[in-house]
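Note sheet for the following structure.
Numbering of ligands and ligand atoms starts at 1, following listing order.
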Amino acid sequence: MTGRLIAVGDIHGCHHEFSDLLQLLELKGGDRVVLLGDIVNRGPDSTKVIDLARASGCLSLLGNHELRLLKFRKTGDRKYMKEHDLETFDALRPDDWAYLESMPLTYQEADLNTVFVHGGFLPSEPWQKQPAEVVTRIQVVDKEGRARKRADEPDAPPWADLWGGPPFVVYGHTPRPEIYKLKWSIGIDTGCVLGGYLTAYILPERRTVQVKARQRYFP
Ligand SMILES: [Mn+2]
């Protein structure tokens, strides 16, 4: 592998923090940046984030927020839309939609035995076969082994606690005050849009870099 492979947690329209983080990373030729999805909604400017992502050659994975916007665009069904989605929907330009349409669910680095994904995986099934609704949305696993939201099942274990690997999984989607590092996974959504940090995880050195949010943007 030449260069570094760098994962970035949920940006959610926080273009200032994303820009600061890119500067801190001092990208060089051969470096690859994988955004872990949910780059849009909630924060100050989703289109500026997409501009920066494209200009810096970042790949972005699909998050549940991008999935909602794409589903609404395809079907016109308002059931997919939440507060703030419409504002983003109206702001996105054709190139932005093309960027969203191009987002894969996962990114695998076989040399490092590592997979990147927005939400995570059900531990009971092969990770390659899990649908978008699971891998972009899973936070915890209920007693029946189903993928659920943490808020709906507060006593259920995080999927990562049940994940025995391999592969090692780098993910976002579940905001926490601190990076959540286990033997076979690392969660790097440190709630930038909530006033926390925007976190990057750098491979192969396994180092993290963080930018503190300038403010809390989302209640
Ligand atoms: Mn998410």
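- The nearest N/O/S atom of Asp38 to the Mn ion (ligand 1) is OD2.
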Problem set entry | Step-by-step side-chain hydrogen bond (donor to acceptor under 3.5 Å, both in side chains) determination, Tyr107 to Arg32 | CA-CA 11 Å; Tyr107 184 80; Arg32 286 167 292 161; 2.8 Å; yes
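- Distances from the Mn ion (ligand 1) to each N, O or S atom of His118 single out NE2 as the nearest.
- Taking the six-membered ring for Trp and thresholds of 30 and 60 degrees, Trp159 and Phe121 have ring planes more than 60 degrees apart, a perpendicular arrangement.
- Atom ND1 is the N/O/S atom of His173 found closest to the Mn ion (ligand 1).
- Centroid-to-centroid, the aromatic rings of Phe116 and Tyr171 stay 6.0 Å apart or farther.
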In a table with atom names and distances, give each donor-acceptor pair under 3.5 Å that connects a side chain of residues 183-199 to protein atoms at least two apart or in another chain.
| unit_1 | atom_1 | unit_2 | atom_2 | d |
| --- | --- | --- | --- | --- |
| Trp184 | NE1 | Gly164 | O | 3.0 |
| Asp189 | OD1 | Gly191 | N | 2.9 |
| Thr190 | OG1 | Tyr197 | O | 2.8 |
| Thr190 | OG1 | Thr199 | OG1 | 2.5 |
| Thr199 | OG1 | Gln210 | NE2 | 2.7 |

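- At a cut-off of 2.8 Å, His65 is not counted among the residues with an N, O or S atom near the Mn ion (ligand 1).
- The Mn ion (ligand 1) has no N, O or S atom of Thr174 under 2.8 Å away, backbone or side chain.
- For residue Asp189, no N/O/S atom approaches the Mn ion (ligand 1) to within less than 2.8 Å.
- Ring pair His65/His84: centre-to-centre distance not below 6.0 Å.
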